[in-house]
Peer 1: 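Submitted below is the structure of interest, expressed as structure tokens.
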There are 2 protein chains.
Amino acid sequence: MSILLKDIAQATGFSINTVSRALRGDAKISSSTTKLICETAQHMGYMPNSIASSMRSNHSKMVGIISADSANPFFSEVVRGIEEMASKADYHILLASTEESVKKECELIKMFLCRKVDGIIAMPVFDSSPAHLDLYRSLKIPFIFPGRRLEGLGNHSILHNDRDGQRKVIEHLISNGHRKILYIAGPKKVSNTTDRLAGLAEAYANNALEVDPDYIVEASGHIEDGYYLTNQALNRGMGFTAVACFNDMLSMGVLKSLYENNLKVPQDIEVFGYDNLYMSQFMQPSLSTVDVPKYRLGYVAMETLIQHIQDPNLEYSTKDFPTRLVFRETTR
Amino acid sequence: MSILLKDIAQATGFSINTVSRALRGDAKISSSTTKLICETAQHMGYMPNSIASSMRSNHSKMVGIISADSANPFFSEVVRGIEEMASKADYHILLASTEESVKKECELIKMFLCRKVDGIIAMPVFDSSPAHLDLYRSLKIPFIFPGRRLEGLGNHSILHNDRDGQRKVIEHLISNGHRKILYIAGPKKVSNTTDRLAGLAEAYANNALEVDPDYIVEASGHIEDGYYLTNQALNRGMGFTAVACFNDMLSMGVLKSLYENNLKVPQDIEVFGYDNLYMSQFMQPSLSTVDVPKYRLGYVAMETLIQHIQDPNLEYSTKDFPTRLVFRETTR
DNA sequence: AAAAATAGGATTAACGTTAACCTGTTTTCA
DNA sequence: TGAAAACAGGTTAACGTTAATCCTATTTTT
């Protein structure tokens, strides 16, 4: 059916092994032989069978990516960074999304293991069940968590100072005179939610203010949550003067709700997002937010993963990127 | 290192082959034996090596997905449909994006072939170069094009009446009295651009109107194009009273530009998108658009692909889903 | 009661590649 | 000048599964 090493061996008169080595650029094969073999392979339209190669060589040149939420462009950006680096290093990607389900996450890991990926990059659900953690701990292949962390596996993470970023946002709002700030938090099962809430608490504490739990509402992180939760808070007459969101998608829903309720942004209410999605600058009004280096996160995660694949003894160490506030039209 | 069929064979006293067949539910193995083997496998924590399985059985249970543009949530939705169906049928996905580059598309196909995928689902670039088409024609595995088409391979497509949808949009605008409609087209290298432009032409023809090429501008399909092209048209004093876009992302940029130029939507200018992204209902103002069954497109594409994998003699036939206009706040 | 069919499983040989080891020349340089 | 390297490539045996074939009791058929 298709061209095999055997066929090239026959055509050139060399052994299968020599052909295999020549095609892989083995230095033991003379350059003239290598050239002849490569050209013959080219002409015959040889395509290596990576399944067979993986089988024998014990590495698949594939890494498994576990994304979290396909509805949020945040993750597309991270994955784009991963892909870019992967492609440079001639790795390929097996991609799937958990939609924030631990069960699915565990299944994916097992699937990746069966498929013999060389490493895993995951945006894991924050779930402290032993089964989940043990699964990661039992992994014999390298794994990296870009943008998220997992209890006890902190050094596998590449983070971006969530706590710091959220603290700055809240401090800014407080210094602008706001005392009733509605905070739309992310889902509990995401580490960033916890970290950003810690940043919020810190900001209040730094200003000797109490956190009012009524002004912290939980969301799954999608646009509609921002919309409905803002409507709800408004209906309850909570009288907030600023809204800080766990992410930009939520903010988009918030802006919609505020507009429909005839509240002017930023005059009546200031709004802050988090993530700095590309689209946020085109929201109406354009969104003030916290920039997270999404692409870089993915890129570095892949880069780091490859280092660990190449040197299994390499120690893991947390990286932490700085965040940066981006002021646009939703703040004064 | 890890548990193999061999180990289960040793533990149960059956042959490797019997273990393999029992685990796959072969009817030739008695139910008591099957039960014993499966339970033992479970206890020992057996994980099948899909690489080895693929190698021998000649099917990988993987399909390659070629997406087009990672920045557009349209494709995430399609991929979600693909994944859902794939997961039901126990297929897994190798996903990559061309970012609309034919070169990358061809490379991806070859990569998928090397990795022995059982089929391919692609959103191909519309490029009539022989190399590109021949590559698809030479494929010995099934392939489906959801939402796009390729010259001469029309029956591999699952479409959604692009021409019809765009015609309705333009006819609606014309019937609303608009005579100067700015149309922001997609990139030439996407079949939908051509088809939607045909729909536009049809609408004009049906109303005995001439198409003014000056009012048709080309874009790559991203938010910023909508923004800059609208600014540009405004600066040129083109005096249009409606804007129809190739997709919703463009519309988001258009809305931003119009707002910044103090033009009220829909009072001064009506705007129509295309795709009906989830987020479009939250744009400010919410976007009138054409609904495309994105998820369904992906789902059916995968479903169809599996049918073709299971029956290689099955004839290909184009499917065509109906579109539906969605009226929101950007139209009167 | 002998032949045929069936159930249940064992043996053997692949799948296409690469790793490990081996062999025969040619260089090198002490 | 001769022994050790270096060079260039060949041989053989895997990797873990599954397909194809074969075997042997037991049951069914006639």
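Residue numbers begin at 1 in each chain, while the letters A, B, ... track the order of the sequences. Basis for what follows: all heavy atoms, side chains included, without hydrogens, waters or symmetry-related copies.
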Peer 1: Can you tell which of D:dT17, C:dT18, D:dA19 lies closest to the side chain of B:Ser57?
Peer 2: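 When the side chain of B:Ser57 is considered, D:dA19 is the closest of D:dT17, C:dT18, D:dA19.
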Peer 1: State whether a side-chain donor-acceptor pair under 3.5 Å links B:Ser97 with B:Glu99.
Peer 2: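 Indeed, the side chains of B:Ser97 and B:Glu99 share at least one donor-acceptor pair under 3.5 Å.
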Peer 1: By the 4.0 Å heavy-atom rule, please label A:Ser53 as base, sugar-phosphate, or nothing.
Peer 2: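 The answer is sugar-phosphate, as A:Ser53 gets under 4.0 Å only of primed atoms, P, OP1 or OP2.
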Peer 1: In whole Å, what is the span from the CG atom of B:Asp7 to the C1' atom of D:dG16?
Peer 2: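 B:Asp7 atom CG is separated from D:dG16 atom C1' by 11 Å.
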Peer 1: Tell me: NZ of B:Lys6 to C1' of D:dT17, nearest whole Å?
Peer 2: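 Going from NZ in B:Lys6 over to C1' in D:dT17 covers 12 Å.
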Peer 1: Phosphate oxygens OP1/OP2 of C:dA10: is one of them under 4.0 Å from a side-chain N or O of B:Thr18?
Peer 2: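 So the side-chain polar atoms of B:Thr18 do come within 4.0 Å of the phosphate oxygens OP1 or OP2 of C:dA10, strictly under.
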Peer 1: Let's see if you get this right: which residues in residues 28-37 of chain B place a heavy atom under 4.0 Å from DNA chain C?
Peer 2: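 Nucleic-acid contacts, sorted: B:Lys28, B:Ile29, B:Ser30, B:Thr33.
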Peer 1: In whole Å, I'd like the distance from the CE atom of A:Met55 to the C1' atom of D:dA13.
Peer 2: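 The distance from CE of A:Met55 to C1' of D:dA13 comes to 13 Å, rounded to the nearest Å.
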Peer 1: At 4.0 Å (heavy atoms only), tell me whether A:Ile51 reaches a base, stays on the sugar-phosphate, or touches nothing.
Peer 2: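 Here A:Ile51 touches no strand at all.
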Peer 1: Can you tell me how far P of C:dT18 sits from NE2 of A:His59, to the nearest Å?
Peer 2: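 Distance, rounded to whole Å: 8 Å.
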Peer 1: Quick one: is B:Arg56 getting a side-chain N or O under 4.0 Å of the C:dT17 phosphate, OP1 or OP2?
Peer 2: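 For B:Arg56, the contact criterion (side-chain N or O under 4.0 Å from OP1 or OP2 of C:dT17) is not met.
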Peer 1: Which residue lies toward the 5' end of DNA chain C, A:Ser54 or B:Ile16, if each is placed at its nearest nucleotide?
Peer 2: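 Of the two residues, B:Ile16 wins.
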Peer 1: Is the shortest distance from a Lys or Arg side-chain nitrogen in A:Glu151 or A:Arg137 to a carboxylate oxygen in the other one below 4.0 Å?
Peer 2: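 The answer is no: the pair does not qualify as a salt bridge.
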Peer 1: When you get a sec, tell me which of C:dT17, D:dT17, D:dG9 is the closest nucleotide to the side chain of A:Phe14?
Peer 2: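 When the side chain of A:Phe14 is considered, D:dG9 is the closest of C:dT17, D:dT17, D:dG9.
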Peer 1: Taking atom types as modelled, find out whether B:Ser31 and B:Thr34 have a side-chain donor-acceptor pair closer than 3.5 angstrom.
Peer 2: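 Not at all, the side chains of B:Ser31 and B:Thr34 share no donor-acceptor pair under 3.5 Å.
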Peer 1: Got a sec, which residues hit salt bridge (charged side-chain N to carboxylate O under 4.0 Å, His left out) with B:Glu107, two or more places apart in sequence or on another chain?
Peer 2: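 For B:Glu107, the residues satisfying salt bridge (charged side-chain N to carboxylate O under 4.0 Å, His left out) (neighbours in sequence not counted) are B:Lys103.
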Peer 1: Between C:dG16 atom P and B:Arg115 atom CZ, what is the distance in whole Å?
Peer 2: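 Distance, rounded to whole Å: 17 Å.
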Peer 1: Which heavy atom in B:Ile16 sits nearest to a heavy atom in B:Ala9, and how many Å separate them?
Peer 2: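 Closest approach of B:Ile16 to B:Ala9, heavy atoms only: N-CB, 3.8 Å.
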Peer 1: Figure out the CG/C1' separation between A:Leu23 and D:dG9, and round it to whole Å.
Peer 2: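 Whole-Å distance recorded here is 15 Å.
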Peer 1: List the steps, then state whether side chain to side chain contact (heavy atoms under 4.5 Å, CB included) holds for B:Leu159 with B:Phe321.
Peer 2: CA-CA 6 Å; B:Leu159 300 171; B:Phe321 291 133; over 6 Å; no
Peer 1: Taking only side-chain N and O atoms of A:Tyr46, does any of them lie within less than 4.0 angstrom of OP1 or OP2 on C:dT17?
Peer 2: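 Checking A:Tyr46 against C:dT17: at least one side-chain N or O falls below 4.0 Å of OP1 or OP2.
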Peer 1: In whole angstrom, what separates B:Arg24's CZ from C:dG9's P?
Peer 2: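 Rounded to the whole Å, the gap is 15 Å.
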Peer 1: Salt bridge or not between A:Glu77 and A:Arg80? Use side-chain N to carboxylate O under 4.0 Å.
Peer 2: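 A salt bridge links A:Glu77 with A:Arg80.
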Peer 1: Quick check on DNA chain D: between B:Arg21 and B:Asn49, whose nearest nucleotide comes earlier from the 5' end?
Peer 2: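 Going by which nucleotide is closer to the 5' end, it is B:Asn49.
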Peer 1: Among D:dG16, C:dT18, C:dT11, which nucleotide sits nearest the side chain of B:Ala52?
Peer 2: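 Comparing D:dG16, C:dT18, C:dT11 against the side chain of B:Ala52, the answer is D:dG16.
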Peer 1: Rounded to whole Å, how long is the line connecting atom CG of A:Asp26 with atom P of C:dT17?
Peer 2: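 From A:Asp26 CG to C:dT17 P: 16 Å.
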Peer 1: Closest to the A:Asn17 side chain: C:dT17, C:dA20, D:dT18?
Peer 2: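 Of all the options, the side chain of A:Asn17 is nearest to C:dA20.
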Peer 1: Can B:Lys189 be said to sit on top of B:Phe126's aromatic six-ring, NZ or CZ under 6.0 Å from centre and within 45° of the ring axis?
Peer 2: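 Ring-cation test returns no.
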